[in-house]
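Heads up: the structure comes next, in structure tokens.
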Amino acid sequence: MPFYYVPAPVKKSAILRDWLVMALCRPFFPKLILHWHACGLGEWTQTGSDFWRKWTQIFLRGAVLSIVTTENNRKDAESLDSRRIVVVSNGTQDPCSDFATTLEIERPERRKSLTQRCLFLAHCTESKGLFDALEAFALAKKRACELGQRRLELTVAGNFIDAREERRFYDRIAANDLQHPDGTCSVTPVGFLAAKEKDRAFRTHDCLLNPSHWESFGLTVIEAAAYALPAVISEHSNLMSLFPESLRFAARIGDPNGLADAILNSMEFQNFQKLRRFFLDHYQANVFTSKIVDVLQTI
């Protein structure tokens, strides 16, 4: 019987867990299957020769099968000499099963509104692209105003991890370029969203901003697609691999001008049914389950 295991991210406490589990369990199982939910650990073991890296290589090397979430994440499994590597994208339960009677009708109508709402939904950190999103939004807001097109608003949902970044955020949104002509702020921080609030946010916004500097997969972008909510993303390999070019809006990491163009272009997006269908065909939970079962049955 094979031993199925999810390796750690590059975090010493989690790596110690891997060592303990492998030391106690691996000798009793002839085959090891690794399912890489996080990414970076395998590559990290190749960047030095300290005992952390050496022992991680010893414990995790030579799995009979490694399952990775994107083609870009194959490097971890390759670094640890996995004998076989298979890509299986993550999946999720359909959070918008009423799409046909709600958003399929509402999305085209929302495009007619003079106010368009952007949503940032992640940890509020620089590495998640928060400040890139703010700068891009400020530029997009200015351009939309100059063209007399639309009033743009941004909702920032998520917790701050660093007090300095939180102060930087509130200083930035107080600047003149993020105020509306009537004196109100165009950026609304709402903190962490529970399940019902998150569902409402996906339904009542017009694009998702996810210009992350690093992503192991991009689950929030997948969830947004279930609601036919187009996403503005960074050109991180894992994010770019989620959807075909016709269903994504992207710019280089740290490129506010390019991201601003992507925001404005996303406001013209009309292929809501196609985006929703792509989610159903590729990322619904039953699709994931079927692929995983097929892969594991080959062992």
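A quick note: this is a predicted structure, and the numbers were derived from the prediction, not measured. Below, all heavy atoms of this structure are taken into account, side chains as well, without hydrogens, waters or symmetry copies.
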Should the ring pair Phe217 and Tyr283 be called parallel, tilted or perpendicular, given that the plane angle runs from 0 to 90° and is split at 30 and 60?
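Perpendicular: the ring planes of Phe217 and Tyr283 meet at over 60°.
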Could Arg276 and Tyr227 be counted as a cation-pi pair, given that NZ or CZ must be under 6.0 Å from the ring centre and within 45° of the axis?
no
Look at the side-chain heavy atoms of Ile, Leu, Val, Met, Phe, Trp and Tyr, link any pair under 4.5 Å apart, and say whether [X] and [Y] land in one connected group.
X      : Y      : answer
Val21  : Trp36  : yes
Leu139 : Leu154 : no
Ile105 : Leu280 : no
Val64  : Tyr5   : no

Quick check against the 3.5 Å criterion: does [X] have a side-chain atom that pairs as donor or acceptor with the backbone of [Y]?
X      : Y      : result
Gln116 : Arg150 : no
Asn210 : Val221 : no
Arg26  : Leu32  : no
Asn73  : Val68  : no
Ser79  : Lys75  : yes
Ser113 : Thr115 : yes
Thr204 : Arg200 : yes
Thr298 : Val295 : yes
Gln57  : Thr45  : yes
Ser237 : Asn72  : no

For Thr47 and Arg53: C-alpha separation, side-chain torsions, deciding distance, then whether side chain to side chain donor-acceptor pair (under 3.5 Å) applies.
CA-CA 8 Å; Thr47 61; Arg53 291 168 172 81; 3.1 Å; yes
Is the count of non-hydrogen atoms from other residues, nucleotides or ligands lying under 6.0 Å from [X] atom [atom1] greater than 12?
X      : atom1 : answer
His37  : NE2   : yes
Asn176 : CG    : no
Phe192 : CZ    : no
Trp55  : CH2   : no
Glu245 : CD    : no
Gln273 : CD    : no
Arg252 : CZ    : no

Exercise: do His205 and Thr155 side chains pair donor with acceptor under 3.5 Å:
yes
Answer yes if the side chains of Tyr4 and His35 hold a donor-acceptor pair under 3.5 Å, and no otherwise.
yes
Carefully, step by step, assess Phe169 and Val187 under the rule side-chain contact (heavy atoms from CB on, under 4.5 Å).
CA-CA 10 Å; Phe169 169 79; Val187 181; 4.1 Å; yes
Distance, nearest 0.5 Å, that separates CG of Asp98 from OG1 of Thr101:
5.0 Å
Which residue pairs satisfy the ring pair (Phe, Tyr, Trp, His ring centres under 6.0 Å) criterion with at least one member in residues 68-119, sequence neighbours excluded?
none
Verdict with reasoning, Asn271 to Arg277, per side chain to side chain donor-acceptor pair (under 3.5 Å)
CA-CA 10 Å; Asn271 292 327; Arg277 174 47 56 186; over 6 Å; no
